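Only one structure is covered here, and it is reproduced in the block below.
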Amino acid sequence: GLPARVRIHEVGPRDGLQNEKAIVPVEVKAEFVRRLAGAGLRTIEATSFVHPKWVPQLADAEQLMPLLRDPRVQQDLADVELPVLVPNERGLDRALEHGVGRVAVFGSATESFARANLNRTVEESLAMFAPVVARAREAGVRVRGYLSMCFGDPWEGPVPAAQVVRVGKALLDAGCEELSLGDTIGVATAGQVAVLLREFADAGVGTDRLAVHFHDTYGQALANTLEALRRGVTVVDASAGGLGGCPYARSATGNLATEDLVWMLDGLGVETGVSLDALAGVSAWMAGQLGRPSPSRVVRALRGS
Ligand code: HMG
Ligand code: MG
């Protein structure tokens with residue numbers, strides 16, 4: 001069976017905009033978050049407190065957070081969670097200064113990506129996260145753990161499920177309350193999703209603690225999501241308009257488009273609380289800001305562009 005309700009973890013402002021070539025003005029980012037909330041999204045990943053040189057697109061995190069607390073904007077965000085990414089204690093300190101209620105650390109199932117993304121080995125990155133998770137929880141801040149390269153890695157190829165489960169369990173044991181399984185380069189197919197979820201279940205990790213995070217490089221994100229839902233997952237990451245991706249990078253495109261997800265869930269009678277028409281309008285507006293059409297099939301079908 002399928003769940004009655006799915007919580008969409010919207011990552012457009014973070015995962016989407018971190019990949020944009022042009023740097024989006026901070027006022028536009030704040031307006032994007034506000035409009036996403038207006039379309040019914042209740043968990044919107046706002047930005048990252050990472051090293052500004054590593055991700056210049058999100059170097060304005062300090063400017064964005066106060067804009068989201070502007071009374072005019074905040075009214076629209078009253079019951080919206082705005083998680084942010086923090087890789088280390090420096091990032092957590094910055095996030096806590098802005099009163100965040102939820103953060104995410106982000107590990108890798110493979111050594112190659114841990115090195116490329118965090119300048120650490122897998123073990124070193126887990127050691128880096130441990131005090132972040134502990135201190136966040138002490139401060140009453142909820143912590144999500146991301147795990148990248150759960151299916152395939154651009155340097156290492158297919159990733160063994162046992163390796164993914166080992167690092168994923170370490171993140172949960174460190175105190176992450178939710179683990180988001182990332183197909184960072186969008187190569188997974190549904191059978192692999194089934195295998196990985198079964199391996200997690202065998203290791204004592206049920207779908208109540210798991211979220212899925214599919215990039216849509218090979219057009220498999222929806223099929224993979226459906227497989228995860230059939231196996232009990234109820235938290236799905238997606239990006240409005242399928243934002244993200246770079247025309248020059250073959251291995252990483254945008255996330256599953258939130259509109260594609262909502263179209264499917266509406267059709268299946270699964271509740272999301274999101275208005276598809278309103279959301280497609282937000283993505284059309286954002287596409288105008290970025291100067292190119294949304295890659296989402298559903299946005300194009302609904303908006304005719
Ligand atoms: P490093 O160079 O090893 O940093 O980078 P360090 O710990 O050696 O520190 C060097 C300097 O950076 C120090 O300053 C620190 O204070 C400063 P100095 O003492 O030399 O003056 N520094 C910072 N400044 C501001 N904010 C910080 C911070 N940390 C250190 N947070 C580091 C290590 C982790 C910082 C770096 O690798 C980094 O920022 N990586 C982030 C990469 C990233 O954001 N990637 C995208 C997100 S992950 C993703 O998209 C995947 C996901 O979507 C799931 C999926 O699809 O699979 C989540
Ligand atoms: Mg991602």
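Since we're looking at a predicted model, the values are computed, not measured. As the structure lists them, so they are numbered: ligands from 1, and atoms in each ligand from 1.
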Side chain or backbone of Gln57 under 4.0 Å from ligand 1, or both, or neither, by non-hydrogen atoms?
neither

Without swapping roles, check the side chain of Gln57 against the backbone of Asn19 for a donor-acceptor pair under 3.5 Å.
no

Please verify the inter-ring angle class for Tyr146 with His9; under 30° counts as parallel, over 60° as perpendicular, anything in between as tilted.
perpendicular

Arg94 backbone acceptor or donor facing Glu97 side chain under 3.5 Å:
no

Any Lys/Arg nitrogen of Arg297 or Glu259 sitting under 4.0 Å from an Asp/Glu carboxylate oxygen of the other?
no

Give the contacting part of Asp15 toward ligand 1: side chain, backbone, both or neither, where contact means a heavy-atom distance below 4.0 Å.
side chain

Top protein contact for atom 29 (N) of ligand 1, by heavy-atom distance:
Asn88 ND2, 2.7 Å

Does any N or O atom in Tyr146 lie less than 3.5 angstrom from one in ligand 1, N or O only?
no

Looking only at protein heavy atoms, which one is nearest to atom 42 (C) of ligand 1, and how far off is it?
Asn117 O, 3.2 Å

Is atom 39 (O) of ligand 1 less than 4.0 angstrom from at least one protein heavy atom?
yes

Which of the numbered atoms in ligand 1 are below 4.0 angstrom from a heavy atom of Gly91?
31 (N)

How close does the nearest protein non-hydrogen atom get to atom 50 (O) of ligand 1, and which residue and atom is it?
Gln18 NE2, 2.8 Å

Do NZ/NE/NH1/NH2 and the carboxylate oxygens of Glu89 and Arg135 come within less than 4.0 Å?
yes

Considering non-hydrogen atoms of the protein only, which is the closest contact for atom 55 (C) of ligand 1, and what is the distance?
Ser148 OG, 3.3 Å

Counting from 1, what ligand 1 atoms have a heavy atom of Asn119 closer than 4.0 Å?
1 (P), 2 (O), 3 (O)

Kindly give the heavy-atom pair with the smallest separation between Gln220 and Ala188, and that separation in Å.
CB-O, 3.4 Å

Nearest heavy atom to atom 28 (C) of ligand 1: which of Arg90, Glu62, Arg14, Lys53 does it belong to?
Arg90

Give a yes or no on whether a salt bridge exists between Glu178 and Arg102, defined as a side-chain N under 4.0 angstrom from a carboxylate O.
yes

The reported gap from CG in Leu2 to OG1 in Thr234 (rounded to nearest 0.5 angstrom) is 12.0 Å

Closest heavy-atom contact between Ala109 and Gln163?
O-NE2, 2.8 Å

Ligand 1 atoms in contact with Val55 (distance to a heavy atom under 4.0 Å):
43 (C), 44 (O)

Test your reading of the structure: does Pro52 have an N or O sitting under 3.5 Å from an N or O of ligand 1?
no

Non-hydrogen protein atom less than 4.0 angstrom from atom 14 (O) of ligand 1:
no

Could you tell me whether the side chain of Thr272 and the main chain of Val274 form a donor-acceptor pair under 3.5 Å?
yes

May I ask you to say whether Arg231 pairs ionically with Glu199, meaning some side-chain N is under 4.0 Å from a carboxylate O?
no

Below 4.0 angstrom from a heavy atom of Leu118, which ligand 1 atoms are there? Numbered from 1 as shown, please.
33 (C), 37 (O)

His215: numbered ligand 1 atoms lying under 4.0 Å from its heavy atoms
56 (O)

May I have the angle between His215 NE2 and Asp15 OD2 with its vertex at the Mg ion (ligand 2), rounded to 10°?
100°

Arg115 and Glu111 ion-paired at < 4.0 Å:
no

Is the shortest N/O to N/O distance between Arg120 and ligand 1 below 3.5 Å?
yes

What do we get for Asp183 next to ligand 1 when only non-hydrogen atoms under 4.0 Å count, side chain, backbone, both or neither?
neither

For ligand 1, does Pro87 get within less than 4.0 Å through its side chain, its backbone, both, or neither, judged by non-hydrogen atoms?
side chain

Assess whether atom CZ of Arg7 is packed by more than 12 heavy atoms of other residues, nucleotides or ligands within 6.0 Å.
yes

Shortest protein heavy-atom distance from atom 26 (N) of ligand 1, along with the residue and atom involved:
Arg94 NH1, 2.8 Å

Heavy-atom protein contact below 4.0 Å for atom 21 (O) of ligand 1
no

Look up atom 10 (C) of ligand 1 and tell me if a protein heavy atom lies less than 4.0 Å from it?
no

